[in-house]
S.K.: 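Quick one: this structure, given as structure tokens, is what I'll be asking you about.
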Amino acid sequence: AETQRELASEWRSWFELYSQRVLSDTRDDETRRDEMRKTSPKYIPREWMLVGAYEAAERGDYGKIEELALIFETPFDEHPEFESKYYCRTPEEFRKKAGVSFFS
């Protein structure tokens, strides 16, 4: 296993390379951010999201399925109304649930 020092060194090396790349990039920051946002979706289907949705659907509540369908139709968009609910770490209730937290 790597030590904390080795990991810190690897991160510093990566950051230095990334900083050099950013400094040599001729695009302005806003253009670069826009391009990143167009290629990296903000919302990614996670197992914990899906589990919560299909468990609710089994009880006859399709609201979560409808929310996820809306989000994943346009995963690059902001969706501020869903940010606190779906743009977050795995909720505590799913963190130790086998088949959910370990693949999210």
Side-chain angles (χ1 to χ4, degrees):
E2 294 185 282
T3 65
Q4 287 293 100
R5 192 172 305 174
E6 290 169 327
L7 288 172
S9 176
E10 288 179 19
W11 273 111
R12 276 192 298 278
S13 295
W14 175 88
F15 185 74
E16 287 172 17
L17 288 171
Y18 181 74
S19 296
Q20 290 171 6
R21 181 177 176 192
V22 170
L23 291 172
S24 67
D25 194 333
T26 58
R27 299 170 295 172
D28 60 78
D29 289 345
E30 186 175 340
T31 300
R32 195 175 62 255
R33 275 192 298 271
D34 287 343
E35 288 179 11
M36 286 190 326
R37 287 184 181 124
K38 289 177 184 174
T39 58
S40 299
K42 180 170 183 171
Y43 295 94
I44 299 168
R46 302 287 185 200
E47 191 68 25
W48 63 265
M49 296 174 184
L50 304 174
V51 167
Y54 68 67
E55 285 178 348
E58 286 177 340
R59 295 186 304 272
D61 177 3
Y62 297 96
K64 288 184 179 184
I65 296 234
E66 292 166 359
E67 286 177 355
L68 291 175
L70 177 67
I71 291 168
F72 297 131
E73 283 175 3
T74 54
F76 296 91
D77 294 355
E78 287 299 315
H79 301 290
E81 68 276 23
F82 299 119
E83 190 165 300
S84 64
K85 192 172 184 179
Y86 296 116
Y87 188 67
C88 59
R89 298 184 74 183
T90 303
E92 191 65 41
E93 66 197 81
F94 293 112
R95 287 191 187 160
K96 295 191 182 195
K97 192 170 184 176
V100 177
S101 68
F102 304 109
F103 300 106
S104 294

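FYI, side chains are in, hydrogens and waters are out, and symmetry mates aren't considered; it's all heavy atoms of this structure.
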S.K.: Answer whether the closest heavy-atom distance between the side chains of R89 and W48 falls below 4.5 Å.
M.R.: no
S.K.: Does F15 have its ring centroid less than 6.0 Å away from the ring centroid of W11?
M.R.: no
S.K.: Is it true that a side-chain atom of D61 and a backbone atom of G63 form a donor plus acceptor pair closer than 3.5 Å?
M.R.: yes
S.K.: Could you walk me through whether L7 and R5 pass side chain to side chain contact (heavy atoms under 4.5 Å, CB included), step by step?
M.R.: CA-CA 5 Å; L7 288 172; R5 192 172 305 174; over 6 Å; no
S.K.: Would you mind reporting whether L23 and Q20 have side-chain heavy atoms less than 4.5 Å apart?
M.R.: no
S.K.: Verify the neighbour count for atom CD of E81: are there more than 12 heavy atoms of other residues, nucleotides or ligands below 6.0 Å?
M.R.: yes
S.K.: Sub-3.5 Å donor-acceptor pair from the side chain of T39 to the main-chain atoms of M36, do we have one?
M.R.: yes
S.K.: E10: which residues meet the salt bridge (Lys or Arg N to Asp or Glu O under 4.0 Å) condition with it, sequence neighbours left out?
M.R.: none
S.K.: Using every non-hydrogen atom in the two residues, find where P41 and F76 come nearest and quote the distance to one decimal.
M.R.: N-CE2, 3.3 Å
S.K.: Using a strict cut-off of less than 4.0 Å between a Lys/Arg side-chain nitrogen and an Asp/Glu carboxylate oxygen, indicate whether R33 and E30 qualify as a salt bridge.
M.R.: no
S.K.: Do F72 and Y62 share a hydrophobic cluster (ILVMFWY, side-chain heavy atoms under 4.5 Å, transitive)?
M.R.: no
S.K.: Any donor-acceptor pair under 3.5 Å linking the side-chain atoms of T31 with those of D34?
M.R.: no
S.K.: For T74 versus L70, what's the shortest heavy-atom pair and its separation?
M.R.: OG1-O, 3.5 Å
S.K.: Out of curiosity, E73 CD to I71 CD1, how far, rounded to the nearest 0.5 Å?
M.R.: 10.5 Å
S.K.: What closest approach, in Å, do I65 and A57 show between heavy atoms, and which atom pair accounts for it?
M.R.: CD1-CB, 4.1 Å
S.K.: Given salt bridge (Lys or Arg N to Asp or Glu O under 4.0 Å), test E35 with K38 step by step and report yes or no.
M.R.: CA-CA 5 Å; E35 288 179 11; K38 289 177 184 174; over 6 Å; no
S.K.: Could I get the full list of side-chain contact (heavy atoms from CB on, under 4.5 Å) partners for R59, not counting sequence neighbours?
M.R.: E55, A56
S.K.: Is it the case that K42 places NZ or CZ above or below the six-membered ring of Y87, under 6.0 angstrom from the centre and within 45 degrees of the axis?
M.R.: yes
S.K.: Atom OG1 in T90, atom CE in M49: separation rounded to 0.5 Å?
M.R.: 8.5 Å
S.K.: So if you build clusters from Ile, Leu, Val, Met, Phe, Trp, Tyr with side-chain heavy-atom gaps below 4.5 Å, do I44 and L68 land together?
M.R.: no
S.K.: Do the rings of F82 and Y86 sit parallel, tilted or perpendicular, given the 30° and 60° boundaries?
M.R.: tilted
